[in-house]
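Since this is a predicted model, take the numbers as computed values, not measurements.
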Amino acid sequence: SGSGFVIEGNQDNSVIIATNRHVAVPDMSEIPPSIAKEGAKSSLEVVFRSGLGAEEQPLPGEILAFDLSQDYATDLAFLKVKGVRKPPPAVNIMSKVEATEGMTYIGAGFPLGQSLNGISESRGNPRVTITTGIVGRIHTDEHGQITMLQVGGSLLPGNSGGPLIQEKTGKLLGVAVASLAVAGLDSVGFIVTADELRRAFEGRVGAIGVDLKGITQTRADLEIDAQVVDPKHKIQGVVLN
């Protein structure tokens, strides 16, 4: 289980949701055979207005696209859900804000999922939990491009896929993806940047695999497998130079 948020609404009461790949697309090989037998398929349920009793609405989710690169910095998935009653307002992912160290944020999600209900003796699905914190560090690559944001705040398992917005403007900073909670450091977390979310939503090449099929003194035959992350079906082709 994890979190997600609406990024686009349509006139037919369908919505598109952003979340993490590791939330929406489980690795079935990691699940014990006693729970999921060989060949078992996963199903995806999206719960709107979770924990609000009669207002709650669970619906099946359709996976539109996801990134298979196994990189936390690009760990994203996009879902489509149909038949949503009173769809939540979409987060405007195209409204940009420049992240700075020390900037305060507000996050929303479902940390620890049902475990919090057990503590409070509540039943059913959990209600959303609001968290706060600051941007602690901006991670960049060798070219100076921002790759990830490190945050100081309480991100826990279950927060994954939830939005983090700048407290002052309400603009999206990114998507919660990981924390060091397993190492006892729940005050250190990481988020996929809003820029990366925008790139993936507009369509881009994801994981690339190269397989050497044969080699001679003058020739090498390669098979290249390029995964396309394209939730809106905008990409017409991929060119290799």
Side-chain angles (χ1 to χ4, degrees), residues 2-9 15-24 46 48-51 66-67 71-79 87-113 116 126-141 143-181 185-204 229 231-232:
S3 308
F5 56 104
V6 174
I7 61 173
E8 185 177 284
V15 298
I16 295 178
I17 290 174
T19 184
N20 291 145
R21 189 275 314 159
H22 76 263
V23 168
V46 181
F48 292 86
R49 296 172 294 279
S50 180
F66 56 91
D67 188 285
D71 186 343
Y72 279 129
T74 59
D75 187 337
L76 293 169
F78 299 94
L79 319 176
V91 174
N92 182 6
I93 67 172
M94 297 302 173
S95 185
K96 299 182 180 181
V97 60
E98 182 180 354
T100 58
E101 288 161 349
M103 177 184 286
T104 55
Y105 72 81
I106 297 173
F110 299 90
L112 302 179
L116 290 184
R127 295 184 64 165
V128 68
T129 296
I130 304 300
T131 55
T132 61
I134 64 167
V135 176
R137 178 182 171 187
I138 297 175
H139 291 255
T140 58
D141 61 20
H143 306 294
Q145 299 297 311
I146 297 175
T147 55
M148 290 190 79
L149 300 181
Q150 179 181 319
V151 296
S154 186
L155 290 185
L156 294 167
N159 275 120
S160 292
L164 277 72
I165 63 172
Q166 185 193 12
E167 183 179 30
K168 185 176 181 180
T169 65
K171 294 182 178 180
L172 184 70
L173 285 172
V175 185
V177 67
S179 77
L180 297 182
L185 298 172
D186 65 346
S187 61
V188 179
F190 300 91
I191 69 175
V192 181
T193 66
D195 279 341
E196 179 56 40
L197 177 63
R198 283 187 284 270
R199 283 192 291 267
F201 192 49
E202 290 301 309
R204 62 162 174 74
V229 182
K232 303 186 81 173

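To the nearest 0.5 Å, atoms CZ (R199) and CG (L76) are separated by 10.0 Å. Between the OG1 atom of T74 and the CG atom of L197 there is a distance of 12.0 Å, given to the nearest 0.5 Å. Here the OG1 atom belonging to T147 is positioned 10.0 Å from the CD1 atom belonging to I138, to the nearest 0.5 angstrom. Here the NZ atom belonging to K232 is positioned 4.5 Å from the CD atom belonging to E8, to the nearest 0.5 angstrom. In this structure, M148 CE and I191 CD1 are separated by 8.0 Å, a value rounded to the nearest 0.5 Å.
Residues satisfying the ring pair (Phe, Tyr, Trp, His ring centres under 6.0 Å) criterion with Y105, sequence neighbours excluded, are absent altogether.
Looking only at distances, no side-chain donor or acceptor of N20 sits under 3.5 Å from a matching main-chain atom of H22. Side-chain atoms of D141 come within 3.5 Å of backbone atoms of G144 as a donor-acceptor pair (strictly under, hydrogens ignored). When atom types are taken as modelled, the side chain of D75 and the backbone of R21 share a donor-acceptor pair closer than 3.5 angstrom. In this structure, S3 contributes its side chain and F110 its backbone to a donor-acceptor pair below 3.5 Å. Distance alone, capped at 3.5 Å, is enough to place a donor-acceptor pair between the R198 side chain and the I93 backbone. No donor-acceptor distance shorter than 3.5 angstrom exists from the side chain of S179 to the backbone of L156, with no hydrogens or angles considered.
Between F190 and Y72, the distance separating the two ring centers is not shorter than 6.0 angstrom.
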Quiz prompt | Candidate pair K96 and D195, rule salt bridge (charged side-chain N to carboxylate O under 4.0 Å, His left out), full reasoning | solution = CA-CA 8 Å; K96 299 182 180 181; D195 279 341; 5.0 Å; no

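Looking at every heavy atom in both residues, T19 comes nearest to S160 through OG1-O, 4.4 Å. Considering all non-hydrogen atoms of both residues, P231 and A200 come closest at CD-O, 3.3 Å. For the pair A99 and L149, the tightest heavy-atom approach, listed with the atom from each and the gap, is CB-CD1, 3.9 Å.
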For residues 163-174, dump all side-chain donor-acceptor pairs below 3.5 Å to protein atoms at least two apart in sequence or in another chain.
| unit_1 | atom_1 | unit_2 | atom_2 | d |
| --- | --- | --- | --- | --- |
| Q166 | OE1 | T169 | OG1 | 2.6 |
| E167 | OE1 | T104 | OG1 | 2.8 |
| T169 | OG1 | K171 | N | 3.2 |

